[in-house]
Colleague: 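The structure that follows is given in the form of structure tokens.
Heavy atoms only: backbone and side chains are in, while hydrogens, waters and symmetry mates are out. On a predicted model such as this, the values are computed, not experimentally measured, just so you know.
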Amino acid sequence: MVLSVYNVTFKINGILITDKILQKKIPFEFKNYRINCDSINYQPNEFYHIKSKKIEASNTDLNIVSLKIIPEYSRHIFVSRIPKEQNLYTINCRSIKGDKMNWGFKGEDFFFYCNAIALDKVAAVIYKSSEPPDDLSKQHLYYKQLRDMNFDLRIDTLKVRNAMLEYEEQKSFDIGAAKLILNPFKLTATYICRGFKKTALPILK
């Protein structure tokens with residue numbers, strides 16, 4: 001795991017520390033903060049690099065410019081390194097904006113709330129080769145993964161605009177890949193919630 005961050009500026013105002021606050025998960029309180037950086041280069045595993053240009057974040061807002069998730073290997077090499085069928089992702093997003101965020105801890109439990117997240121000019125390519133053996137394990141949909149998160153999450157509105165989604169599946173490298181392309185692609189989702197320690201939730205639309 002490798003992380004490089006360039007030209008970082010971090011400002012925090014209104015810091016308060018008491019004996020009681022020191023016992024909390026975050027051992028200080030603050031009024032507001034702001035973080036700026038010119039770029040980030042992050043390698044979470046052997047298969048991908050995550051890169052972005054300018055990032056601006058405060059306790060209420062987030063702005064990321066030119067976020068990219070880039071495969072480390074070519075498709076041939078990736079297929080040779082995986083033991084079972086697995087998707088390969090290439091994602092480029094011109095901007096990501098989060099509006100009116102609120103996060104922290106309620107006792108021991110982490111929470112993240114956001115009024116709106118907007119993704120603009122997204123190009124996503126999902127590639128799968130049929131050459132590796134089938135993965136016969138149970139594959140859960142993303143909604144189950146959302147329900148299984150162990151923290152309190154609420155995003156009132158998610159918007160994806162000016163996007164292109166492409167799925168490619170290839171039986172072998174001797175022939176070309178079959179492609180399904182959704183272009184233009186747009187999405188509006190409301191009430192994205194994780195029901196952590198809750199008995200009722202609004203319906204995801």
Side-chain angles (χ1 to χ4, degrees), residues 1-6 39-55 62-98 112 114 116-151 153 155 157-194 204-205:
M1 184 182 298
V2 178
L3 173 64
S4 300
V5 184
Y6 299 94
S39 63
I40 282 182
N41 187 351
Y42 176 49
Q43 185 176 3
N45 53 50
E46 69 165 305
F47 293 119
Y48 293 100
H49 263 93
I50 299 175
K51 299 181 178 181
S52 78
K53 293 184 180 178
K54 189 174 182 181
I55 296 178
L62 172 68
N63 184 29
I64 302 174
V65 177
S66 187
L67 178 70
K68 298 181 179 182
I69 300 176
I70 304 169
E72 182 71 13
Y73 303 118
S74 68
R75 291 179 174 182
H76 283 82
I77 297 176
F78 174 77
V79 170
S80 70
R81 287 177 173 264
I82 55 175
K84 297 179 181 180
E85 278 188 346
Q86 183 177 330
N87 291 335
L88 180 68
Y89 300 93
T90 305
I91 301 173
N92 290 276
C93 183
R94 183 170 66 182
S95 71
I96 300 175
K97 294 184 178 181
F112 177 83
C114 186
I117 294 179
L119 287 74
D120 184 50
K121 203 72 176 178
V122 184
V125 178
I126 306 168
Y127 169 81
K128 183 173 77 171
S129 171
S130 298
E131 289 193 349
D134 291 338
D135 185 356
L136 300 179
S137 62
K138 189 173 184 179
Q139 303 296 309
H140 297 293
L141 298 177
Y142 288 113
Y143 196 64
K144 184 181 187 306
Q145 298 179 27
L146 175 65
R147 293 198 306 267
D148 289 346
M149 288 180 176
N150 62 348
F151 66 92
L153 171 71
I155 300 172
T157 304
L158 170 66
K159 292 183 179 181
V160 181
R161 294 292 183 266
N162 304 310
M164 183 277 292
L165 177 62
E166 179 177 313
Y167 175 74
E168 299 185 26
E169 190 167 317
Q170 191 168 25
K171 296 190 68 174
S172 75
F173 287 106
D174 296 330
I175 57 176
K179 298 182 181 182
L180 173 65
I181 302 173
L182 302 177
N183 184 24
F185 175 81
K186 67 178 181 178
L187 166 74
T188 299
T190 56
Y191 307 121
I192 300 173
C193 300
R194 161 67 178 107
L204 171 65
K205 296 182 179 180

Colleague: In terms of ring plane angle, is the pair Phe47 and Phe78 parallel, tilted or perpendicular, where the classes change at 30° and 60°?
Modeller: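 Phe47 vs Phe78 ring planes: perpendicular.
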Colleague: Search all heavy atoms of Ser130 against all heavy atoms of Lys171 and return the closest pair with its distance.
Modeller: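 Closest approach of Ser130 to Lys171, heavy atoms only: CB-CA, 3.9 Å.
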Colleague: Looking at Leu141, I want to see if its CG is surrounded by more than 12 non-hydrogen atoms of other residues, nucleotides or ligands under 6.0 Å.
Modeller: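 Not buried by this count: 12 neighbours or fewer within 6.0 Å.
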Colleague: For residues Arg194 and Asp148, report the shortest heavy-atom separation together with the two atoms involved.
Modeller: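 Scanning both residues completely, I find the closest heavy atoms to be NE-C, 3.8 Å.
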Colleague: Please report the shortest heavy-atom distance between Pro133 and Pro83, naming the atom on each side.
Modeller: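 Smallest interatomic distance, heavy atoms only, reads CD-O, 3.3 Å.
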Colleague: Looking at CD1 of Ile91 and NZ of Lys68, how far apart are the two atoms once the value is rounded to the nearest 0.5 Å?
Modeller: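 Answer rounded to 0.5 Å: 13.0 Å.
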Colleague: Any donor and acceptor pair, going by atom type alone, linking the side chain of Tyr48 with main-chain N or O of Tyr89 inside 3.5 Å?
Modeller: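 Pair found, side chain donor or acceptor close to backbone of Tyr89.
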Colleague: Out of curiosity, Leu165 CG to Leu187 CG, how far, rounded to the nearest 0.5 Å?
Modeller: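 It is 10.5 Å, given to the nearest 0.5 Å.
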Colleague: Work out which heavy atom in Val125 is nearest to a heavy atom in Arg75; give both atom names and the distance.
Modeller: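 So the minimum-distance heavy-atom pair works out to CG1-NH2, 3.9 Å.
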Colleague: Measure the CZ-CG distance between Arg161 and Asp120 for me, rounded to the nearest 0.5 Å.
Modeller: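 Rounded to the nearest 0.5 Å, the CZ-CG separation comes out at 9.5 Å.
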Colleague: Using salt bridge (charged side-chain N to carboxylate O under 4.0 Å, His left out), reason through Arg81 and Glu72 one step at a time and then give a plain yes or no.
Modeller: CA-CA 12 Å; Arg81 287 177 173 264; Glu72 182 71 13; over 6 Å; no
Colleague: Specify the closest pair of heavy atoms between Pro71 and Ile69, including all atoms of both residues, with the distance to one decimal.
Modeller: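 Here Pro71 and Ile69 meet closest at CD-O, 4.0 Å.
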Colleague: Could you give the distance from CG (Leu62) to NZ (Lys97), rounded to the nearest 0.5 Å?
Modeller: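 One gets 11.0 Å once the value is rounded to the nearest 0.5 Å.
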Colleague: Step through the shown structure and confirm whether more than 12 heavy atoms of other residues, nucleotides or ligands are within 6.0 Å of OH on Tyr191.
Modeller: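 No.
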Colleague: Consider side chain to side chain contact (heavy atoms under 4.5 Å, CB included). Of Leu67, Ile64, Leu3, which one does Ile40 pass it with?
Modeller: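 The option that passes is Leu3.
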Colleague: So among Ile192, Leu204, Thr188, which one has a side chain to side chain contact (heavy atoms under 4.5 Å, CB included) with Leu158?
Modeller: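 Output: one option passes, namely Ile192.
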Colleague: If every non-hydrogen atom of Cys93 is compared with every non-hydrogen atom of Val122, which pair is closest and at what distance?
Modeller: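 Shortest heavy-atom separation between Cys93 and Val122 comes out as SG-CG2, 3.6 Å.
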Colleague: Hey, are the side chains of Gln170 and Tyr127 touching, using non-hydrogen atoms and a 4.5 Å cut-off?
Modeller: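 Result yes, sub-4.5 Å side-chain heavy-atom pair found.
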Colleague: To the nearest 0.5 Å, tell me how far Asn183 CG sits from Glu166 CD.
Modeller: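 It comes to 9.5 Å.
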Colleague: For Ser66, run the side chain to side chain contact (heavy atoms under 4.5 Å, CB included) check against Lys53, Lys51, Lys121, Arg94 and tell me which one passes.
Modeller: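 When side chain to side chain contact (heavy atoms under 4.5 Å, CB included) is applied between Ser66 and each of Lys53, Lys51, Lys121, Arg94, only Lys53 qualifies.
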Colleague: Donor-acceptor pair, Glu131 side chain versus Phe173 backbone, under 3.5 Å?
Modeller: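 Confirmed, Glu131 side chain pairs with Phe173 backbone.
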Colleague: Measure the NZ-OG distance between Lys54 and Ser39 for me, rounded to the nearest 0.5 Å.
Modeller: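 With rounding to 0.5 Å, NZ (Lys54) is 12.0 Å from OG (Ser39).
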